[in-house]
Protein chains: 2
Amino acid sequence: MSTREIRQTLFAQFAAVADALAHGSRLALLELLAQGERDVETLSGLLGVSVASTSQHLQRLKHAGLVSARRDGRRRIYRLASDEVSALVLNIGKVAEACLASVEKIVNQQLRAQDEWPPVSTDELATLSARRAVIIVDVRPAEEYAAAHLPGAVNIPLEALRRKMSRLPREREIVVYCRGPYCLLALDAMRMLRRHHYRVRRLEESVPDWRRAGLPVETGPGSVRHARA
Amino acid sequence: MSTREIRQTLFAQFAAVADALAHGSRLALLELLAQGERDVETLSGLLGVSVASTSQHLQRLKHAGLVSARRDGRRRIYRLASDEVSALVLNIGKVAEACLASVEKIVNQQLRAQDEWPPVSTDELATLSARRAVIIVDVRPAEEYAAAHLPGAVNIPLEALRRKMSRLPREREIVVYCRGPYCLLALDAMRMLRRHHYRVRRLEESVPDWRRAGLPVETGPGSVRHARA
DNA sequence: TTAACATTCAACTAATAAATTGAATATTAT
DNA sequence: ATAATATTCAATTTATTAGTTGAATGTTAA
């Protein structure tokens with residue numbers, strides 16, 4: 001195999017990975033799978049895309065090696081091949097922000113502008129959390145919280161927030177997080193909490209980043225105490 | 001603009017970036033442009049792809065915001081929009097290595113296997129270089145060396161190496177580098193030097209990484225002394 | 001065994017992409 | 001002005017892709 005052939009083969013394979021990423025739905029699927037494994041129908045629902053279409057996108061991702069699948073009864077459960085994949089998706093987002101004016105505009109006007117205060121950094125959160133100065137709220141769906149969440153975080157899915165908000169004390173600052181910087185759940189939560197005069201900031205990092213950084217995550221469902229009306 | 005629309009727009013734009021990367025020739029173009037700006041004809045020659053095709057690939061990259069172009073006389077000079085783009089290309093390579101068995105095999109058998117000793121790390125090189133324990137050899141073409149090279153490196157393009165090798169002292173260890181981990185120039189150089197009983201290792205990082213890490217690079221052509229027969 | 005279910009497969013349509021060719025454009029040199 | 005040059009544009013062919021529909025597969029529950 002000549003030097004030239006090796007180079008061409010390598011870059012062609014890299015291109016195959018990029019090709020697998022080259023569709024909005026597939027990127028959204030990877031963002032979801034970064035939170036934990038899921039079956040096809042659930043993904044289809046969360047995405048708002050037909051089951052057949054979702055299945056085919058998942059198969060393309062699998063063919064590119066970015067996800068793997070296993071059977072569980074009559075369901076097929078897909079999972080990310082590696083946390084590196086979600087880092088790659090974030091990297092694409094970062095480059096898109098840097099290189100595409102249209103993206104930069106959306107991010108600044110629609111996402112960043114909601115943040116009256118700058119997002120909390122991972123380091124800062126560690127400090128605040130250690131001296132119990134903040135309440136960490138995970139606003140993702142219960143399944144994703146159960147798969148992995150930040151140590152000490154409580155789970156209040158966005159859809160339940162209005163109902164359960166009253167349990168949150170107003171004295172302590174609240175830090176919300178969701179699936180990552182391009183997930184909008186935390187922004188919606190922040191807006192809602194601010195309207196009710198909570199002090200709330202956002203954590204940009206999320207579980208996949210946290211785990212990739214070698215920091216510990218907790219697993220298991222939210223407490224029954226919180227889940228009761 | 002609804003939350004859902006924002007999310008879909010964002011991911012669609014991210015997908016456009018991935019789409020721009022989804023071709024072997026375009027990834028190879030980005031690797032070349034990461035070394036410094038270049039005109040279309042030169043890129044076409046280095047790539048071994050027709051001028052028209054090269055031009056069209058460059059335009060797609062430009063449309064995605066990954067490169068920019070300026071005129072210089074009758075030439076059109078393309079350059080990377082940001083060093084982040086070359087980091088993204090490396091990230092894709094890394095994920096491809098982790099996720100695609102075929103890539104992992106090629107990298108291990110064809111690239112890594114050539115390294116009898118592990119590559120030099122950036123930190124190690126800094127130490128070795130500070131006490132003049134090594135000679136750093138940049139085996140890229142002269143234009144790329146001139147655009148930016150590691151401090152203290154001498155330029156011996158691979159094609160000139162056989163002729164100029166004798167100038168290298170055998171007492172000191174040699175560290176070679178080229179365009180990055182997926183460029184094969186340094187490997188060829190290493191093989192050639194080892195056949196002539198030089199002690200030689202490889203630096204995996206390259207100029208774009210070096211610069212992105214905030215380390216200083218030098219510019220300017222190689223010395224006349226070295227260029228003379 | 002049969003029915004119900006989750007997922008995949010196969011076939012189809014419409015849209016998009018890659019490479020090639022020759023013409024068109026813009027800049028410099030004569 | 002005119003010729004030469006570097007690049008882009010336009011048109012073409014061929015191949016690939018996304019989404020839809022309905023049938024096929026494989027698993028569990030009745």
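Chain A is the first sequence line, chain B the second, and so forth, proteins listed ahead of strands; every chain is numbered from 1.
The residues B:E5 and B:R7 are annotated as not salt-bridged, no charged nitrogen and carboxylate oxygen being separated by less than 4.0 angstrom. Checked for salt-bridge contact, A:R112 and A:E97 meet the test: a charged N lies under 4.0 Å from a carboxylate O. For the pair B:R212 and B:E205, the salt-bridge criterion is not met [side-chain N within less than 4.0 Å of a carboxylate O]. Under the 4.0 Å criterion applied to side-chain N and carboxylate O atoms, B:R75 and B:D72 are not assigned as salt-bridge partners.
First and last contacting nucleotides of DNA chain C toward chain B (any atom under 4.0 angstrom from a heavy atom, 5' to 3' order): C:dA17 to C:dA29.
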Anything under 3.5 Å between a protein N or O and an N or O of nucleotides 17-20 of chain D, put it in a table, one pair a line.
residue, atom, partner, partner atom, Å
D:dT17, O3', A:R60, NH1, 3.4
D:dA18, OP1, A:R26, NH1, 2.9
D:dA18, OP1, A:R26, NH2, 3.1
D:dA18, OP1, A:R60, NH1, 3.3
D:dA18, OP2, A:R60, NH1, 2.8
D:dA18, O3', A:H23, NE2, 3.4
D:dG19, OP2, A:H57, NE2, 2.8

Which pairs, protein N/O on one side and nucleotides 26-28 of chain D N/O on the other, fall under 3.5 Å?
residue, atom, partner, partner atom, Å
D:dT28, O2, A:R74, NH2, 3.2

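A straight line from CG of B:L58 to P of D:dT7 spans 10 Å, rounded to a whole angstrom.
Test B:L46, B:L47, B:V67, B:L66 against B:L29 for side-chain contact (heavy atoms from CB on, under 4.5 Å) and you get one pass: B:L47. A side-chain contact (heavy atoms from CB on, under 4.5 Å) with A:F14 holds for exactly one of B:V89, B:L90, B:L27; it is B:L27.
Judged by distance alone, with hydrogens and angles left aside, the side-chain atoms of A:Q35 form a donor-acceptor pair with the main-chain N or O of A:E31 at under 3.5 Å. One N or O on the side chain of A:R26 and one on the backbone of A:A20 form a donor-acceptor pair closer than 3.5 Å. For the pair A:D39 (side chain) and A:I77 (backbone), a donor-acceptor distance under 3.5 Å is absent. Remark: side-chain polar atoms of B:S82 are paired, donor with acceptor, to backbone N or O of B:E84 under 3.5 angstrom.
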